[in-house]
2 protein chains.
Amino acid sequence: MTEAATSVSRKRSGPRVTISDMADALGLTKSTVSRALNGYADIAEGTQLRVKKMAAELNYQPLSYAQAVKTGRTRSLGLVLQLSDHDAHRPFLAEFLAGLSAGASQEGYTVTVASADTHDTLVDTFRSLAQDGKADGFILPRAMVDDPRAKLLRAERVPFVLYGRQQDPTGCAWFDVRGEDAMRDAVRHLADLGHRRIGFINGKTIYTYASLRLQGFKAGMAECGLTIDPDLMRDNAVTRSDGQAAAGAFLDQAEPPTAIVCAVDNAALGAYAALAERGLTVAKDVSIVAYDGTQDGANAQPPLTTFAVDNRNAGERLSSLLIRRVRGEPVENLRETTAATFVRRASTGPAPAGPTPSSNKNF
Amino acid sequence: MTEAATSVSRKRSGPRVTISDMADALGLTKSTVSRALNGYADIAEGTQLRVKKMAAELNYQPLSYAQAVKTGRTRSLGLVLQLSDHDAHRPFLAEFLAGLSAGASQEGYTVTVASADTHDTLVDTFRSLAQDGKADGFILPRAMVDDPRAKLLRAERVPFVLYGRQQDPTGCAWFDVRGEDAMRDAVRHLADLGHRRIGFINGKTIYTYASLRLQGFKAGMAECGLTIDPDLMRDNAVTRSDGQAAAGAFLDQAEPPTAIVCAVDNAALGAYAALAERGLTVAKDVSIVAYDGTQDGANAQPPLTTFAVDNRNAGERLSSLLIRRVRGEPVENLRETTAATFVRRASTGPAPAGPTPSSNKNF
DNA sequence: CTGATTTCCGAAACCGGTTTCGGCAAGAGG
DNA sequence: CCTCTTGCCGAAACCGGTTTCGGAAATCAG
């Protein structure tokens with residue numbers, strides 16, 4: 001028995017041991033070895049054990065691409081980076097990818113990353129990757145309201161999972177953090193502190209998260225009996241300077257807000273700058289609460305009150321979902337959401353007793 | 001001719017067009033089509049064109065894993081993430097990966113990411129990935145002085161490229177930023193500003209970059225005729241709190257430094273905190289210059305003077321080098337370094353006219 | 001016009017697995 | 001004791017490519 005293991009003398013190209021070597025060493029045929037390894041029912045339990053033991057002994061591991069020729073699957077999950085809006089994923093990507101690959105590794109999968117430079121070549125990149133057989137399915141970060149990636153993949157019947165929800169759920173699996181709940185809770189938190197004039201700085205409206213967070217903000221305002229001033233609403237602010245401009249516009253109005261909800265941490269940090277420019281201090285003059293849970297927010301002065309999302313976990317969940325999808329589970333089973341966690345820090349405080357009580361509307 | 005193209009009626013599994021379909025459509029054999037596509041010399045120029053045109057028309061693209069069975073190569077570059085010290089790559093990874101995959105994409109390659117949770121499973125992850133045939137070669141970020149990954153891969157004859165140099169260059173290809181030059185220039189810069197007592201906070205000594213940057217610091221001090229005080233030297237500081245502790249220890253000495261060179265931006269930001277704790281202000285009381293070029297440094301108050309490294313570019317260079325390595329080029333041709341770029345911001349200033357001139361050593 | 005090269009392509013083996021099919025031997029049932 | 005299952009494995013086809021080899025036709029030299 002053991003002599004058979006040592007008698008592996010064929011050293012064709014490198015010390016790779018193939019399934020035929022296994023068969024020779026065991027006195028079986030390739031097909032039997034293969035089925036034993038894959039746990040087919042028509043293999044005696046004894047031989048299955050014997051084969052697996054030999055595999056461990058010889059350190060045999062099938063070539064994934066050799067398997068793929070017949071099975072059509074490589075055990076790899078695709079992720080394509082859009083280099084055009086690279087700031088979009090910068091803080092986001094590292095944790096997310098770590099989660100993705102960790103979740104994939106658990107099931108013996110890997111993550112295959114490609115990149116599209118321009119927005120036009122994006123779809124081509126997907127197509128080419130799918131045709132290449134480089135990925136069994138795709139993970140689509142940042143779901144868009146009108147998502148060309150989802151359309152393509154659905155049409156070509158390639159499995160995929162979205163990070164973010166989709167209005168039309170047909171054919172879509174997803175994982176998402178309920179940003180709308182967070183925004184509603186943000187308003188509640190501020191209302192509890194006595195704020196009544198609250199502004200909202202939203203993210204990019206091309207993404208589905210923006211409309212959801214807006215919804216949540218509106219719901220929170222309604223619940224708390226507050227009225228929304230259209231002049232205190234801004235869209236498409238995702239960078240610091242975006243946030244600075246938006247918050248500045250709020251503050252320069254006749255009746256500035258006492259609190260601002262930001263859909264994105266970065267925008268909130270821009271709001272910090274806008275306050276500083278005007279000699280105002282965060283929390284004392286204007287309260288700010290945001291969403292993301294970035295490190296920058298934690299480091300800011302004062303530390304930013306925000307709703308943290310666990311991108312690491314999101315990655316893990318997404319790869320798990322995609323693997324199940326690849327294995328044939330219907331999309332209806334593959335939709336998960338989770339809550340963001342409120343991180344109360346120091347950017348919110350009681351509403352200042354300003355001239356706000358008797359507002360001069362058309363009254 | 002064109003009728004042949006439309007007569008592709010076999011729809012076995014999905015609308016995939018195989019090389020046999022191509023052969024049928026062209027009235028040639030598989031082998032001829034294959035060689036035409038791969039540019040073999042024994043194919044008439046005319047037929048080669050004809051085949052390629054048909055490939056475009058039928059949208060034919062070979063399955064990379066089918067090719068790999070014979071060629072042994074998947075056109076994918078491996079990268080394994082170490083989740084244990086995740087903070088090590090956090091800001092680093094996003095840009096780096098973008099560069100990697102961009103460089104890979106240019107040559108039709110992809111990047112395959114796996115992850116090792118513990119430090120022990122790291123080598124196994126490499127071994128398994130290589131045996132799986134999931135990657136043709138590997139990119140090894142953060143070269144260590146005694147690098148188990150490099151050892152393994154060299155032993156198993158798997159191509160790899162290091163981000164960072166190696167003392168023993170045998171079998172090693174690499175790309176690196178010359179941190180030693182940056183540290184030397186940092187000292188020069190400070191010396192030009194009149195500083196004479198300069199501290200140094202280094203990074204993790206397990207990585208090769210640390211000894212190089214230390215070398216550079218020493219060289220700079222020597223060049224400028226300055227003496228190194230062992231009490232102003234610290235190691236293994238890579239986080240904010242690390243830097244804060246190290247800088248704090250410097251500042252609490254009888255004769256504190258007027259400037260600190262940090263091997264890592266994060267440590268410098270910790271030094272900011274240490275100064276703030278003691279009522280000192282950056283640049284006026286103590287000058288600080290660091291290395292990395294992180295966004296956090298740019299956002300800090302005052303903005304951090306540092307040496308920026310272009311991780312995006314590093315990724316691109318590394319994938320290019322690895323691809324060449326996979327294609328058989330000897331490692332001797334595959335070693336590149338580049339300079340970090342000095343970004344003078346506001347954390348350095350002239351040395352304060354303190355009690356430093358007549359230092360009371362054993363004199 | 002003949003013989004020797006080239007040029008160009010087809011036939012077939014091969015890569016390392018998976019999967020279908022069929023058959024032999026042992027056990028079950030009558 | 002004979003038949004019918006059932007359990008278990010071998011033989012061979014197959015997946016979609018690549019590569020080696022050999023041979024026919026075309027070109028060249030003499």
Side-chain angles (χ1 to χ4, degrees), chain A residues 8 10-51 54-55 58-75 108 130-134 136, chain B residues 8 10-51 54-55 58-75 108 130-134 136:
Chain A
V8 179
R10 62 166 76 169
K11 290 195 174 188
R12 200 163 295 159
S13 68
R16 167 169 294 290
V17 27
T18 73
I19 197 171
S20 301
D21 297 333
M22 286 279 292
D24 291 353
L26 286 161
L28 297 171
T29 60
K30 292 201 308 180
S31 62
T32 306
V33 174
S34 171
R35 279 172 304 167
L37 253 21
N38 291 325
Y40 274 57
D42 66 343
I43 298 292
E45 200 177 352
T47 40
Q48 184 176 131
L49 250 57
R50 206 158 61 90
V51 170
M54 181 62 81
L58 295 190
N59 198 12
Y60 168 72
Q61 201 171 359
L63 284 167
S64 64
Y65 53 71
Q67 307 186 108
V69 176
K70 199 76 171 100
T71 65
R73 287 199 240 113
T74 327
R75 293 200 309 275
Q131 280 202 19
D132 250 20
K134 288 266 197 171
D136 299 338
Chain B
V8 178
R10 64 164 77 170
K11 289 198 174 186
R12 200 161 297 161
S13 67
R16 170 170 291 293
V17 28
T18 74
I19 195 171
S20 300
D21 297 333
M22 286 279 292
D24 291 353
L26 287 160
L28 297 171
T29 60
K30 294 200 306 179
S31 63
T32 306
V33 174
S34 173
R35 278 172 304 169
L37 253 20
N38 292 324
Y40 275 57
D42 67 342
I43 298 293
E45 200 176 352
T47 40
Q48 183 175 132
L49 250 57
R50 205 159 60 91
V51 170
M54 181 62 80
L58 295 190
N59 197 14
Y60 168 72
Q61 200 171 1
L63 283 167
S64 64
Y65 52 71
Q67 305 187 111
V69 176
K70 199 74 170 100
T71 64
R73 287 198 240 113
T74 327
R75 293 199 311 273
Q131 280 202 19
D132 250 20
K134 287 266 196 169
D136 300 340

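Just so we're on the same page: letters track the sequence lines, and every chain starts at 1. The shown structure was predicted, so the numbers you read here are calculated from the model rather than taken from an experiment.
For B:Met22 and D:dT18, the CE to P distance is 11 Å, given to the nearest whole Å. Computed from coordinates, the A:Leu26 CG to D:dG10 C1' distance equals 15 Å when rounded to whole Å. The nearest whole Å value for the distance from the CZ atom in B:Arg75 to the C1' atom in D:dT18 is 13 Å. The distance between atom NZ of A:Lys30 and atom C1' of C:dT20, rounded to the nearest whole Å, is 14 Å. What separates OH of B:Tyr65 from C1' of D:dT18 is a distance of 16 Å, to the nearest Å. In this structure, A:Leu49 atom CG and D:dC8 atom C1' are separated by 16 Å, rounded to whole Å. In this structure, the CG atom of B:Asp24 is 13 Å from the C1' atom of D:dG16, given to the nearest Å. Here D:dT18 presents its C1' atom at 13 Å from CD1 of B:Ile43, a figure rounded to the nearest Å.
Within the structure, salt bridge (Lys or Arg N to Asp or Glu O under 4.0 Å) pairs that include any residue of residues 29-40 of chain B comprise B:Arg35-B:Asp42 (at least two apart or interchain).
Phosphate proximity of C:dG17 to A:Tyr60: present, with a side-chain N or O under 4.0 Å from OP1 or OP2. Neither OP1 nor OP2 of D:dG16 sits under 4.0 Å from any side-chain N or O of B:Ser20. A close approach under 4.0 Å does not occur between any side-chain nitrogen or oxygen of B:Thr29 and OP1 or OP2 of C:dC9. Regarding contacts with the backbone of D:dT19, a side-chain N or O of B:Tyr40 is found under 4.0 angstrom from either OP1 or OP2. Between C:dC9 and B:Thr32, no contact under 4.0 Å exists linking OP1 or OP2 to a side-chain N or O.
Among the nucleotides C:dT18, C:dG10, D:dT18, the one closest to any side-chain atom of A:Gln67 is C:dT18. Counting only heavy atoms from C-beta on, A:Ser31 has its side chain closest to C:dT19 among C:dC9, C:dA12, C:dT19. Among D:dC8, D:dT19, D:dG17, the nucleotide with an atom closest to any side-chain atom of A:Ala44 is D:dC8. The A:Leu28 side chain lies nearest to D:dG10 when the options are D:dG10, D:dG17, C:dC9.
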(request) Could you check A:Arg50 against A:Leu26 for side-chain contact (heavy atoms from CB on, under 4.5 Å), going step by step and ending with a plain yes or no? (result) CA-CA 8 Å; A:Arg50 206 158 61 90; A:Leu26 286 161; 3.9 Å; yes

(request) Just do the salt bridge (Lys or Arg N to Asp or Glu O under 4.0 Å) check on A:Arg75 and B:Asp132 with the steps written out, would you? (result) CA-CA 11 Å; A:Arg75 293 200 309 275; B:Asp132 250 20; 3.6 Å; yes

(request) Kindly indicate, with the supporting measurements, whether the criterion side-chain contact (heavy atoms from CB on, under 4.5 Å) is fulfilled by B:Gln131 and A:Asn59. (result) CA-CA 10 Å; B:Gln131 280 202 19; A:Asn59 198 12; 3.1 Å; yes

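Among the heavy atoms of the strands lying under 4.0 Å from B:Gly27 are primed sugar atoms or P, OP1, OP2 only; no base atom is included. If you check every strand for non-hydrogen atoms under 4.0 Å, B:Gly133 touches nothing.
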(message) How would you summarise protein contacts on nucleotides 21-26 of chain C per nucleotide, using B for base, S for sugar-phosphate only and - for none, with heavy-atom distances below 4.0 Å?
(response) B-----

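If you check the side chains of A:Ser31 and A:Ser34, you find no donor sitting under 3.5 Å from an acceptor.
With the end axes of the helix from C:dC1-D:dG30 to C:dG30-D:dC1 each set by five pairs, the angle from one to the other reads 40° at 10° resolution.
Where B:Thr47 and A:Leu63 each meet DNA chain C at their nearest nucleotide, the meeting point lying more 5' is that of B:Thr47. Between B:Gln48 and B:Val69, the residue whose closest nucleotide on DNA chain C is further toward the 5' end is B:Gln48.
Below the 3.5 angstrom threshold, one finds no donor paired with an acceptor across the side chain of A:Lys70 and the base of C:dG17.
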